[in-house]
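Order of the sequence lines sets the chain letters (A, B, ...), proteins ahead of strands, with each chain counted from 1. As a basis for the values below, the full set of heavy atoms in this structure was taken, side chains included, without hydrogen atoms, waters or symmetry mates. Please read these numbers as outputs of a predicted model, since none were measured by experiment.
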Amino acid sequence: MSFWLMKSEPEVFSIDDLSARRGMTTCWDGVRNYQARNFMRDRMRIGDRAFFYHSNCPEPAIVGIVEVVRAAYADHTAFDRRDPHYDAKSNREHPTWYMVDVKLERKLARPITLDALKTHAAGALAGFLLLRRGNRLSVIPVAAEHWKFILALE
DNA sequence: GCCAACGTTGGC
DNA sequence: GCCAACGTTGGC
């Protein structure tokens, strides 16, 4: 099993939005970055776990844990001309963009803030891509040791 | 294939 | 709202 971190802007789609979904499950659409896509398409498996991270908001933080319940399949929002994530170069025969389905496992008892994570940037969390300066990846692999360490911060 | 211009991300 | 970082685009 692999571990991940997936970013979402809470004003667009928050952990509570996920919690309110039927089956607490959603498709993770709208990823339009090749590196993030490759992680989802080539390396994510059913049963993998991911931190649900709130980005671009007053308190950036890990706020929950989700489980991958469907492996990568074509992101249909790329085919819809009226969708903000429409991309003319993707089509059903040869999709450019993919998504997975994730299900909320649980909200954290309290958010683990980016500030708290940064405290360990030079120590236990050295190498964690989220803490790399200028990081803009929306789907990030998390080393098993990092996963365990972060959860202990809860 | 280089690289300047441009758009997006995301912390602050 | 600002701006640094960085990915993408497109002219050459």
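For A:Lys89, taking side-chain heavy atoms from C-beta onward, the closest of the listed nucleotides B:dC12, C:dT9, B:dG7 is C:dT9.
Residues A:Arg32 and A:Thr77 bring a donor and an acceptor atom of their side chains to less than 3.5 Å of each other. Of the N and O atoms on the side chains of A:Trp97 and A:Asp87, at least one donor lies less than 3.5 Å from an acceptor on the other residue.
Note that CG of A:Leu137 and OH of A:Tyr34 are 14.5 Å apart. Values are rounded to the nearest 0.5 Å.
For B:dG11, one of the phosphate oxygens OP1 or OP2 lies less than 4.0 angstrom from a side-chain nitrogen or oxygen of A:Tyr53. Remark: A:Arg133 is in phosphate contact with C:dA5, judged by side-chain N or O atoms under 4.0 Å from OP1 or OP2. The phosphate of B:dG10 (OP1 or OP2) has a side-chain N or O of A:Lys7 nearer than 4.0 angstrom.
Rounded to a whole Å, the CZ atom of A:Arg132 is 12 Å from the P atom of B:dG10. For A:Ile140 and B:dG11, the CD1 to C1' distance is 13 Å, given to the nearest whole Å. Here the P atom of nucleotide B:dG7 and the CG atom of A:Asp87 are 17 Å apart, to the nearest Å. One interatomic measurement links the two molecules: CG of A:Asn38 to C1' of C:dG7, which rounds to 14 Å at whole-angstrom precision. The nearest whole Å value for the distance from the OH atom in A:Tyr34 to the P atom in B:dT9 is 14 Å. Summarising the geometry, the separation between CD on A:Glu59 and P on B:dC12 is reported as 12 Å, rounded to the nearest angstrom. Rounded to an integer number of Å, the gap from A:Arg136 CZ to B:dT8 P is 10 Å. To the nearest angstrom, P of B:dG10 lies 13 Å from NE2 of A:His54.
Looking at A:Asp16 and A:Lys107, a side-chain N of the basic residue comes within less than 4.0 Å of a carboxylate O on the acidic one, giving a salt bridge.
Contact of A:Arg32 with B:dT8 (side chain to base): no donor-acceptor pair of N or O atoms is detected under 3.5 Å.
Ring geometry for A:Phe13 versus A:Phe52: interplanar angle of 30 to 60°, hence tilted.
Counting non-hydrogen atoms under 4.0 angstrom, A:Leu130 reaches nothing in the nucleic acid.
For A:Gly134 and A:Asn56, each mapped to the nucleotide of DNA chain C holding its nearest heavy atom, the one lying further toward the 5' end belongs to A:Asn56.
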